[in-house]
Engineer: 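What follows is a single structure, and I will ask about it in a moment.
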Amino acid sequence: MTTGSKAPRRLTILGSTGSIGQNTLDVIAQLGGREAFDIAAISGHDNIDLLASQAKACGAALAVTANEERYQDLKAALAGTDIAVAAGRNALLEAASIPSDWVMAAIVGTAGLAPTLEAARRGADIALANKECLVSAGELFVRAVSEGGGRLIPVDSEHSAIFQALEDDQQHAVERIILTASGGPFRTWSREQMANVTAATARAHPNWSMGLKISIGSASMFNKALEMIEAKHLFNVGPDQIEVIVHPQSIVHSMVGYTDGSVLAQLGCPDMRTAIGYALSYPSRPKLDVDRLDFAKLARLDFEAPDEVRFPALRLARTALERGGLQGAVMNAAEEIAFQAFVDERIGFLEMADIAEAVMDQMIGVGSAETMDAVFAADDEARSRASALVAQREKAA
């Protein structure tokens with residue numbers, strides 16, 4: 001473990017004010033805090049009070065808000081401290097470029113792509129909680145990690161489970177990757193019932209405490225769709241080797257099936273700190289204050305096939321995997337626009353998938369994720385097309 005080392009390990013947390021970032025700081029505190037870790041930089045967006053209090057508590061050298069308009073607010077909140085303050089997109093890149101051993105990549109959305117790529121290129125170990133790095137720029141990002149010489153350690157509970165269940169030197173024997181999905185709050189709802197749900201209803205996850213974007217993504221299963229694309233790049237498997245199974249209790253976090261018929265699973269109580277702690281201490285396992293599974297109290301563990309009619313995001317992910325190229329970036333960008341339109345009550349819950357699919361069909365064959373320019377160009381075009389479709393639906397309503 002890192003806590004016994006003579007010099008504190010140097011860390012960066014990109015996205016410290018979100019649920020992953022907050023849990024990361026909790027894990028750091030559990031594993032020794034300032035005595036064990038030196039925090040090079042943390043970043044947030046609009047929650048300035050929380051960002052400032054985090055910076056003070058962990059002794060960060062630099063605090064960054066992605067929102068340039070909040071620079072003075074953050075500066076005032078940290079007045080009288082030695083903590084440097086910066087704001088804006090370039091400041092995020094600066095935070096990512098500061099030397100550190102390990103970077104938590106937890107900025108939500110495409111905004112996290114450039115800074116995470118910057119950290120990967122300089123050779124930091126990347127604890128990856130940002131889906132867009134692999135969904136939108138998988139080949140480019142994996143190559144950057146390899147060339148930088150760092151390690152890529154997944155933090156999503158599902159991918160962490162797979163990472164833990166993969167046996168050394170047995171990649172050739174991996175037959176299938178099985179991602180578990182809770183099914184979210186609408187697992188048993190009909191499409192007619194889902195048609196009129198609100199963002200407040202959709203964000204109420206039955207098992208996990210997460211931010212708005214991730215919670216609604218779980219309800220629509222777009223999160224799981226993105227995880228399917230991530231799995232391809234993380235574990236070097238083909239689309240036909242990636243399965244999804246609904247597991248309402250969220251105890252089995254994911255599984256790996258091998259050619260001898262064996263299936264290895266990682267189990268645990270739903271708590272993101274387990275995956276974060278593993279990523280921080282890998283290859284060791286830390287001692288964490290999290291709930292332990294009591295198998296005597298587990299009444300049952302249920303599994304069921306996902307319904308791709310009620311949750312078409314899974315079908316869209318398979319389409320993106322089969323088409324390849326920049327289809328992942330297109331799907332993700334269109335979904336982000338549709339998600340915000342849903343939150344703003346401009347479209348309905350089911351229309352998010354409709355818009356993503358329409359944009360994907362409009363942008364077949366847009367190229368490959370070989371450069372950041374290509375990724376951002378596809379992202380921009382998909383957002384523009386999705387915005388136009390949202391406006392059309394509003395006008396027709």
Side-chain angles (χ1 to χ4, degrees), residues 12 14-15 43 64 66 88-99 103-154 159 222 225-239 316-337 356 359-388:
T12 298
L14 301 175
S43 79
V64 175
R89 185 173 298 180
N90 289 337
L92 287 177
L93 293 175
E94 177 190 348
S97 67
I98 296 172
V103 175
M104 169 54 73
I107 298 175
V108 175
T110 308
L113 178 54
T116 307
L117 191 61
E118 180 72 21
R121 284 171 171 161
R122 66 170 173 79
D125 285 347
I126 305 296
L128 190 65
N130 172 285
K131 299 179 183 302
E132 288 70 24
C133 288
L134 293 175
V135 172
S136 298
E139 294 87 353
L140 179 66
F141 186 76
V142 169
R143 185 168 65 247
V145 172
S146 176
E147 292 174 353
R151 298 178 296 188
L152 181 58
I153 308 171
H159 295 129
F222 259 105
L226 299 181
E227 287 171 12
M228 292 168 65
I229 300 174
E230 283 184 281
K232 172 187 182 297
H233 298 292
L234 277 169
F235 307 116
N236 193 29
V237 293
L316 298 186
R318 295 202 181 281
T319 298
L321 285 167
E322 290 165 2
R323 290 175 179 172
L326 286 162
Q327 278 280 292
V330 169
M331 184 184 83
N332 175 73
E335 187 275 335
E336 283 194 10
I337 293 296
V359 175
M360 289 172 67
D361 288 345
Q362 291 173 10
M363 295 181 64
I364 296 174
V366 291
S368 60
E370 289 297 317
T371 66
M372 284 294 293
D373 286 344
V375 172
F376 284 131
D379 182 270
D380 287 345
E381 183 178 350
R383 287 174 190 275
S384 177
R385 289 176 180 268
S387 296

Engineer: Return the CG to CE distance between L226 and M331, rounded to the nearest 0.5 Å.
Structural biologist: 4.5 Å
Engineer: Between E94 and V64, does a side-chain contact (heavy atoms from CB on, under 4.5 Å) hold up when you go through it step by step?
Structural biologist: CA-CA 9 Å; E94 177 190 348; V64 175; over 6 Å; no
Engineer: For the atom pair CZ (F376) and CZ (R383), what is the distance rounded to the nearest 0.5 Å?
Structural biologist: 9.5 Å
Engineer: What's the shortest heavy-atom distance between A95 and L14, and which atoms?
Structural biologist: CB-CD2, 4.3 Å
Engineer: I need the single residue from L128, V103, V145 that forms a side-chain contact (heavy atoms from CB on, under 4.5 Å) with T116. Which is it?
Structural biologist: L128
Engineer: Quick check for you: to the nearest 0.5 Å, what is the distance between S384 atom OG and D379 atom CG?
Structural biologist: 11.0 Å
Engineer: Report yes if some heavy atom in the side chain of E381 is under 4.5 Å from a heavy atom in the side chain of R385; otherwise report no.
Structural biologist: yes
Engineer: Look only at the side chain of S368 and the backbone of G325, and say whether a donor-acceptor pair between them is shorter than 3.5 Å.
Structural biologist: no
Engineer: Just how far is it from atom CZ of R121 to atom CD1 of I126, taken to the nearest 0.5 Å?
Structural biologist: 11.5 Å
Engineer: Can you confirm whether M360 sits close enough to T319 that some side-chain heavy atom of one is under 4.5 Å from a side-chain heavy atom of the other?
Structural biologist: yes
Engineer: Please give me the minimum heavy-atom distance between A231 and V237, naming the atom from each residue.
Structural biologist: O-CG2, 3.9 Å
Engineer: For G328 and I229, work out which heavy atoms get closest and say how close.
Structural biologist: CA-CD1, 4.2 Å
Engineer: Restricting to non-hydrogen atoms, name the atom on C133 and the atom on L113 that form the minimum distance, rounded to 0.1 Å.
Structural biologist: CA-CD1, 3.7 Å
Engineer: What is the minimum heavy-atom distance between A144 and L117, and which atoms define it?
Structural biologist: CB-CD1, 3.5 Å
Engineer: For Q327 and M363, indicate whether the former's side chain and the latter's backbone hold a donor-acceptor pair under 3.5 Å.
Structural biologist: yes
Engineer: Show the numbers, then the answer: is there a side-chain contact (heavy atoms from CB on, under 4.5 Å) between T371 and L140?
Structural biologist: CA-CA 7 Å; T371 66; L140 179 66; 5.7 Å; no
Engineer: Find out whether V330 and V359 are in side-chain contact, i.e. whether some heavy atom of one side chain is under 4.5 Å from a heavy atom of the other.
Structural biologist: yes
Engineer: Given 3.5 Å as the limit, does a donor-acceptor pair link the side chain of R122 with the main chain of I98, or not?
Structural biologist: yes
Engineer: If you compare all heavy atoms of L321 against all heavy atoms of M228, which two are closest, and at what distance to 0.1 Å?
Structural biologist: CD1-O, 4.2 Å
Engineer: Hey, could you give me the OG1/CD distance between T110 and E336, rounded to the nearest 0.5 Å?
Structural biologist: 4.0 Å
Engineer: About how many Å separate CG of N130 and CD1 of I107, when rounded to the nearest 0.5 Å?
Structural biologist: 7.5 Å
Engineer: With sequence neighbours left out, what residues match A329 under side-chain contact (heavy atoms from CB on, under 4.5 Å)?
Structural biologist: S136, L326
